[in-house]
Each structure stands twice: as structure tokens, then as C-alpha cells.
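To keep things clear, I will list the structure first and then write my remarks on it.
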There are 2 protein chains.
Amino acid sequence: MTTLHIVDDDEAIRDALGWLFQSRNVPVAGWPSAESFLESWRPDTVGCLLLDIRMEGMSGLELFDRLLSKGCRMPVIFLTGHGDVPIAVGALKKGARDFVEKPFNDNELVDRVIDALAFDAEQREREAGQAGLAARLATLTQRERQVMELVVAGRLNKVIADELGISMRTVEVHRSHVFEKMRVKTAVELTRLLTGAA
Amino acid sequence: MTTLHIVDDDEAIRDALGWLFQSRNVPVAGWPSAESFLESWRPDTVGCLLLDIRMEGMSGLELFDRLLSKGCRMPVIFLTGHGDVPIAVGALKKGARDFVEKPFNDNELVDRVIDALAFDAEQREREAGQAGLAARLATLTQRERQVMELVVAGRLNKVIADELGISMRTVEVHRSHVFEKMRVKTAVELTRLLTGAA
DNA sequence: GCGGCTATTGTGGATATCCGCAGAGTCGGC
DNA sequence: GCCGACTCTGCGGATATCCACAATAGCCGC
């Protein structure tokens, strides 16, 4: 289980939520403002976000926007005592995970947070696989990448040789280097890797 | 542009919406109840749905559920004068396209409907490609399908022959039949077809 | 300048794939 | 019973792919 980040400018609420989640064995971190969380956020911050909408300074919605533009993919649950439908709809359409009104039912909120944390874990697992892939892709040279793209496009070696204006033999060399670096044995496996198939 | 299906038990609202959308050149069909629309719905019904939540008889939400279980993929916009946040959040999380409160702004509603119609058109375009694929897949025999799966899994012919307990030559025959029926020339192309790559 | 990386090409041989020609057995429909 | 399908198999040859061995050349850093 990873951390639930609670951003709310009301210390009493942060404390109450802190107790609630710690009693359910959900690790919690509290932040008194959108600014403070934004400052401490790093691309490798994991878990989920419980975000109050109305706060002094930056609002929860604005924090959400800023995080999105920074590439943050953590699931976000909005919490608000002033929630209205257009705001909820807008937040969800932008990609928020959930939207809960105060006063909330403790068990329900816990369920939603756990759901969001599970989603985050799954998402990171998926991305971990992609990270290894990206690392292997990074070891390819330009030429190898070109050849790889044509191989994955279904071209035969002779056609690739034509298109790149080099000999078939050279294509074979690059091709085998690609297979080795990408740790596959056939063009089909490589295609599956790059198109993200099971 | 395809049809906007308006489901609302208030004739005055249906009429008003009908005028609004017809003036914007959006074809409209009106339904006085969830039941009436559900009855007339067919898997090839296209466009988008504008659904009132509170109605005599079946509610808009229930209609949505029923349509989903029938495999309906039309984008749905909920319209309600009694909307509250939990309902909106629930509807959107179930896959509704949008959620609008009455009273609404005419231009905004039109924009959202047009957005939903465009989404529906794109979605059907994507599915059209898949339909041709499905048709070709249907022409394969059991054996050809088995061979195809192993080919796409990256196995060599000799391995496939082993796994199926048949000779390599037979695998080659099935393989070439698969290529012919699926209209591809290489295993890589076939893999791309089946994994839905660009 | 030497060593390492990249890109290039060739020869030749082992494997794999693609295909036409030929034949055979099963099963279901007319 | 014959015909059409699906399945199975072998032979041989044309292509394609995989790979070890061998070599040339430019670029970059130590």
C-alpha cells in the first residue's frame, strides 16, 4: 500500500482524515496547501491524492491542472463541501478519479481511496514494464532504430535495404543487433513488444 | 452528422430541445419514455443520447444501465433538474459522456451534444475497421485459427508443428491459408492486424 | 595515435519460410 | 455414391533469415 496525500488547508480535517486512514492501515501524508504539495511533488511520487477544492491560495482544481501539466498520473479524489455538479463533471472529464462531497461516509471514502490506490499500483506496474522497454530502446543507435521501425512495419530485409540505400547484409547486422538489444528472437515478438500486446 | 435521441417525458422540453437542435442542423428524434426508446433501440442505432434522469416509469439511469448491458456504445449525456453530485459522479464513472443540469445554457448544451456526436462517429469509424477484420477471421477454420495464434505468438513453424503434433508442411499450408484469408503477406503484418496497431 | 563505437559490406553456409505439385483420409450434404 | 471442405503429408526448389568470420572507414575521447 502506498501513501494517501491529503491536501486541505483545514488542520482539523487533515487530522480527522489522518486518524481515519491510519486506523485502516493506509499511510497518510498531510499538506496544508496546494502550494506546499506542488513544491514537494516529484515525478516519482506515488499513491493517490485527496484534494480539497476550496482552499486559501491555490484551489484544488488548479493544483490538479498544474500536476497534469507536469505529467503527474496519480489518481485524484476531490473532496468538497461546496461541490456542485458542473465542477464535479468538469473534474471527472479532465481525468479525476473521483469526487466526494462533505459530509462523507467514512467507509465509502475509505473504499474509494483504496480503489484509487489499487489503480495507482496497477498503473505503475504497467509502466514498470514500459520503463524496461524504454531503457532497451534507448540503447539502440539511430540506424538500428530505423531498421527496427521498418522491420516492425512488416518490410522484408531487401526492401529495407532499398529504402535505406544500404546493402541487405548491413540490414541483417542491424536487425540482429536490434533483436539482441531488445531481447527477442523473432520479428513477431518485437512487434508485440512495441505495439504493447499481451 | 447523426441523430440526437432525446428521451424526456416532458413534451414541452422535448419540443424545446427539438427546436434548439434542429435550428443548429442537428437531426433529432424524441422519445416520451425510457421504455419507448429501449424498445426501439437496435444494435445499429447510431448518434448520441440526451437522457432526462427523472421520468415516469424507468429512470434515465436505469435506461443507461439496460443499454450498457445490451452492448450499446452510444455516448450518453444526462440532463437533470434535480442533479446532485453523487448521481453525476456515479453516471460519469459508469461511462456516461456528460452530465448537464437544468437550466442549461443553450450554446453549451449544443457544444456538448456535437462533441458527443463527433465521438460516436469516430468510434464507429474505428469499429468499421474491426468489422472487416472480424469478417475475415470468421472465414478461418479451427485449425487455421490455432496455427494463426501460434504464429502471432512468435513461434517458429517447427515449434508449432510440435505443439499441434502435425508436420511442418501442414503448418505451412495452414499458415499460408491464414495469410491469404487475412490478406497479409508476413507474420508481422498479421500481428499488427490482430494487436490493433497503427 | 590508439581503442572503442558505429556503420558499412562481403562470402559462405545453416535454417526457415514460401509454394507448386501430388496424394490421401474424414465428414457432411446432395 | 459423388463432391466439396478440411486436414494431413511428402518432395523439391526458390527465397529469406540467421550468423560466424573478415574487413574498411569515420568519429570521439583519452
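Computed from a prediction, not measured in an experiment: that's the story for all the values here. Order of the sequence lines sets the chain letters (A, B, ...), proteins ahead of strands, with each chain counted from 1.
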Checklist outcome for this item: Checking D/dT17, C/dA7, C/dC18 against the side chain of A/Glu144 (C-beta onward), the nearest is C/dA7

Checklist entry - Roughly, in whole Å, what's the span from CZ in B/Phe179 to P in C/dT17? => result 10 Å

Checklist entry - Rounded to the Å, how far apart are B/His177 NE2 and D/dC8 C1'? => result 12 Å

Next on the checklist: I need the CZ-C1' distance between A/Arg155 and D/dA16, as an integer number of Å.
Outcome noted: 17 Å

Checklist entry - Rounded to whole angstrom units, what separation is found between the CE atom of A/Met148 and the P atom of C/dA7? => result 13 Å

Checklist entry - Rounded to the nearest Å, what distance is computed from the CE atom of residue B/Met168 to the C1' atom of nucleotide C/dC18? => result 10 Å

Item to check | Nearest to side-chain heavy atoms of B/Gln142, which nucleotide of D/dT7, C/dA7, C/dC18 | outcome: D/dT7

Next on the checklist: With a 4.0 Å limit, can you tell me whether B/Asn157 has a side-chain N or O closer than that to the phosphate oxygens OP1/OP2 of C/dA16?
Outcome noted: no

Checklist entry - Does B/Glu35 reach the main-chain N or O of B/Gly57 with its side chain, forming a donor-acceptor pair under 3.5 Å? => result no

Checklist entry - Is B/Thr170 touching bases, backbone alone, or none of the nucleic acid, heavy atoms closer than 4.0 Å? => result base

Checklist entry - With a 4.0 Å cut-off on heavy atoms, is A/Arg169 in touch with a base, just the backbone sugar-phosphate, or nothing at all? => result base

Next on the checklist: Looking at B/Gln22, I want to see if its CD is surrounded by more than 12 non-hydrogen atoms of other residues, nucleotides or ligands under 6.0 Å.
Outcome noted: yes

Item to check | Nearest-Å distance for atom pair CD1/C1', residues B/Ile160 and D/dC8 | outcome: 16 Å

Item to check | Polar pair under 3.5 Å, donor/acceptor by atom type, side chain B/Glu172, base C/dC19 | outcome: yes

Checklist entry - B/Ser167 side chain: which of C/dT17, D/dG10, D/dC18 is closest? => result D/dG10

Next on the checklist: So, does B/Thr141 get its side chain near the phosphate of D/dT7, meaning an N or O under 4.0 Å from OP1 or OP2?
Outcome noted: yes

Item to check | Side-chain donor-acceptor contact under 3.5 Å, A/Arg143 with A/Gln146 | outcome: yes

Checklist entry - Thinking salt bridges, do B/Lys93 and A/Asp115 make one under a 4.0 Å N-O criterion? => result no

Checklist entry - Just how far, in rounded Å, is P of D/dG26 from CZ of A/Arg143? => result 16 Å

Checklist entry - Can you tell me if the side-chain N/O atoms of B/Lys158 get under 4.0 Å from OP1 or OP2 in C/dA16? => result yes

Checklist entry - Given A/Leu150, which of A/Val171, A/Leu164, A/Val159 fulfils the side chain to side chain contact (heavy atoms under 4.5 Å, CB included) condition? => result A/Leu164

Checklist outcome for this item: Whole-Å distance, A/Glu180 CD to D/dA20 C1', equals 13 Å

